[in-house]
Structure formats: C-alpha cells, structure tokens
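Data first, discussion second: the structure below is written as structure tokens.
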Amino acid sequence: MKTSDVIIAGGGVIGLMTGWTLARAGVSVTVIDAGGPAATDAAAGMLSPSFEQALHGGGGALSALSEESLRRWREIAPMLSEASGVDLDFDTGGILAVAFDDFEAAAFGADAKGGEPLDRAQVLEVEPSLSSCVRGGWFAKNDGQIDPRRVRAALARTLVNEGGALIRGKRVASVQSENGKVTGVVLGNGERHTARHVVIATGARVDGVADLPEGAVFPVKGEALAIERISGSPKRVIRTSKAYLCPKADGRIVIGATEVPDDWSLNTDERRVGNLRAGAMAVIPALEDAPEISRWAGLRPATCDGAPIIGPAPEGPDGLHYALGHYRNGVLLAPATADALAASIQKGRLSPTITAFSAARFTRLGVS
Ligand code: GLY
C-alpha cells in the first residue's frame, strides 16, 4: 500500500500535467496509468483556441479557458522541455484555415474566434504550396501545435524527477471513502492506495470511478495517418473542412481526423482514412506522392454537451475531483485544467475559470 496526498487515475496529458503541477508545488502525488494507448498518443497536438467554436459546448467559458491554456503553454513548453531534456516540437507558427468556396469561407468565419480573414492572394502568400483552387482563408497567427507523444514522455519524466510517483499498467477500479471523505483507491488487482484527494482523469473510461449519469462521457473515435514530409509540403498547420495537416519536425505530416461516436475499437477504416488523405491532397497537391508512414485511432473523451468536466465531484465525497471530457482539445486544455485543479486541491478554492465545467450540470439535468 502506498500513501500520497493526491492520487491521479489516468496517465494521459491531463493526468500527467496535473501530477507534474502538484509535484512542483511540493504535493506528494501518485499518477496511476492503466497502460495502453492514451487519447493523448492519438492526438495531432494542435493548440488552437481560434477554431471549432461550433463543435464545443461551454461557450465563452470554454473559449476563455482555451485562450488561458494556450498562454500557459507558451510558458510551460520551454520549462518542460528544459526540465525533461525532451524537444516538444512546440511550433508557434500559426494555423491557416483554407476554404475552397464562399460557403466554406463563411463557415470558417462563423466558427473562428480571433485570427484574420485572407483573400486568395494573401492565403497563397502565407502558404505557397496550397492548391490553386483555394478561394481564401483564415489565419490564426497565435495558434500553434506541439507533439503530444513527446509531451507525455516529458511529463512522465519530470513528474518523477519532482518526487511524484508513476504506476504503470494498473487500472483504478474504485474510489474509497469514509464519512463522506475520500480515503484512497483500490486497483484492479486488489491493491489499495491511500490519499486525501483522488483526481479522475481516465479519458473516455469512467465506469466505476466517476459518479456521472450514463452517457455523460462517451468515446468519439478519431482515426489519423502520418505521411512523409516531402518537398512541397506545407510549413504550418493547415485546416480544411475535410482534414487538417500538421507538419512535424521529425519529418511526418499528421493528417486527421475522423469522428466515430461510441466506437470503442482502435481499428482504422480504409475508406475513412482514404478520405482524410484525399482531403489533404486536395489542398496540397504535392503530397500525392508522399509515402504513408503509419495510421492509428484513438478515443476522444467527449461529453454530451461538448464541454469538459473539471473540478470537485458535486455529490462528493470530499476530495474527489474530475478532469474528464476534454474531447478534441485535451492537449490544448491540459495546462489550464492542471492549474485549476491544483488550486482547488491545495487551497480549496474553485478557480472562476472552471465553475462552468462542474459535473453538476449533468447531475441536475439527469442525462440518460
Ligand atoms: N483536435 C483535433 C481532433 O481531435 O481531431
């Protein structure tokens, strides 16, 4: 049996970032990672508060959290890279959304927050490798990207360097409490670990550990592929209505991603992945000959209103906290989520940035 102040169930970017944040503040913390692929490993790593307003719930509160988190990434990325010795491929070159007709341009305009509209000549100036069929675009020059797998490796290393513990390959089966207060967790193999606080950051799998109505959190599978970054490749992240392309420093272009709700499998579908690739080639024709390197799938943890669940469990017990349902933006939202949870755990103070994300909105509504 191990004793910590805080146990975090989940070793993806949200769990590890929260663990590292607490460990840096001198809190004794254990992160329990069930093993296997986390949603983080499947993510492309866009840090993009400027797009996808329509896909997410949370309205202005989620926009504010996203912007705050991007601001924190700019501080954290160099610090995490230095502390871990891992190059995070943090790229602040902006994100360019590209439209092929007026309808798409209007849709991007309506869905974008910040950034500036560009006409055809301007968009080709920003990214000369684009298809000549583009009609215009939207450039969010403050958005960026990072490599999520490197982030996860860096966080695992720095968590341990700061005195935190990382248990791999074991699943938290249940949260234990006495007299309305958390006392610890029991793992799938029966091991018990004690703590005054438990954070549930288990992605789409919340059975047995989160007291949420059925259907509040569910998986939205995303399939993606990586191709070689050949001559004529884009210099920065490009988004279209069919695909996004994230050029990485390691010589890959990650192309994503499909949306398949309620599919727990991690297989990839030939037709859906083919459509992503076709979407990428339509915007950067030079990629036609780029060899494919790999393809994969991951499970985005979605919620039924599209906004995350962050903060104390509304029905108790005291000391139980949720960090769930970050859907398409777990990597972006990790720093702000970790900061808010750390403040809540250490000072018992709920940051105003997360009050809109309480699970109470589901328990009150009685989601079914
Ligand atoms: N963040 C993009 C995606 O989830 O596909």
Side-chain angles (χ1 to χ4, degrees), residues 12-14 17 37-58 62-63 65-67 69-70 73 88-91 94-98 107-108 111-113 115 138 140 142-152 203-204 217-227 234 236-248 252-264 266 268-269 272-273 275-277 279-280 283 294-303 306-308 324-337:
V13 67
I14 300 287
M17 185 69 82
T40 307
D41 299 330
M46 282 184 289
L47 303 175
S48 182
S50 303
F51 297 105
E52 302 196 353
Q53 302 294 307
L55 280 174
H56 289 271
L62 189 54
S63 280
L65 191 74
S66 304
E67 277 161 26
S69 215
L70 178 58
W73 262 122
L88 303 175
D89 194 10
F90 182 50
D91 162 16
I95 294 188
L96 181 66
V98 172
F108 272 127
D111 195 34
K113 182 171 182 301
W138 204 277
N142 293 324
D143 288 7
Q145 63 164 333
I146 202 161
D147 186 318
R149 296 178 197 181
R150 294 188 190 190
V151 167
R152 197 168 171 225
V217 175
F218 60 97
V220 176
K221 179 163 98 174
E223 295 147 301
L225 73 155
I227 60 173
R236 59 176 57 72
V237 177
I238 309 287
R239 301 177 61 105
T240 76
S241 63
K242 307 252 175 340
Y244 52 76
L245 297 81
C246 302
K248 301 292 182 185
R252 295 176 306 146
I253 301 176
V254 174
I255 301 172
T258 62
E259 289 243 325
V260 191
D262 285 319
D263 182 347
W264 288 97
L266 290 176
T268 55
D269 175 79
R272 287 194 296 259
V273 174
N275 286 344
L276 287 176
R277 178 149 189 161
V283 69
S294 57
R295 56 177 68 187
W296 63 89
L299 304 180
R300 301 181 187 90
T303 62
L324 293 165
H326 290 73
Y327 185 29
R328 296 176 63 95
N329 280 304
V331 180
L332 169 64
L333 292 170
T337 300

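As the structure lists them, so they are numbered: ligands from 1, and atoms in each ligand from 1.
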Sidechain-backbone polar pair: K248 side chain, A44 backbone, donor-acceptor under 3.5 Å: yes
Listing by chain and number, which residues have a heavy atom under 4.0 Å from ligand 1? M46, Y244, A257, R300, R328
Which heavy-atom pair separates D143 from P49 by the least distance, and what is that distance? OD1-CD, 3.4 Å
What pair of heavy atoms forms the shortest contact from L47 to V331, and how long is it? CD2-CG1, 4.0 Å
Heavy-atom pair with the smallest gap, counting every atom of Y244 and A257: OH-CB, 3.1 Å
Please report the shortest heavy-atom distance between L62 and P308, naming the atom on each side. CD1-CD, 3.8 Å
Is E223 reaching over with its side chain to a backbone N or O of D269, donor-acceptor style, under 3.5 angstrom? yes
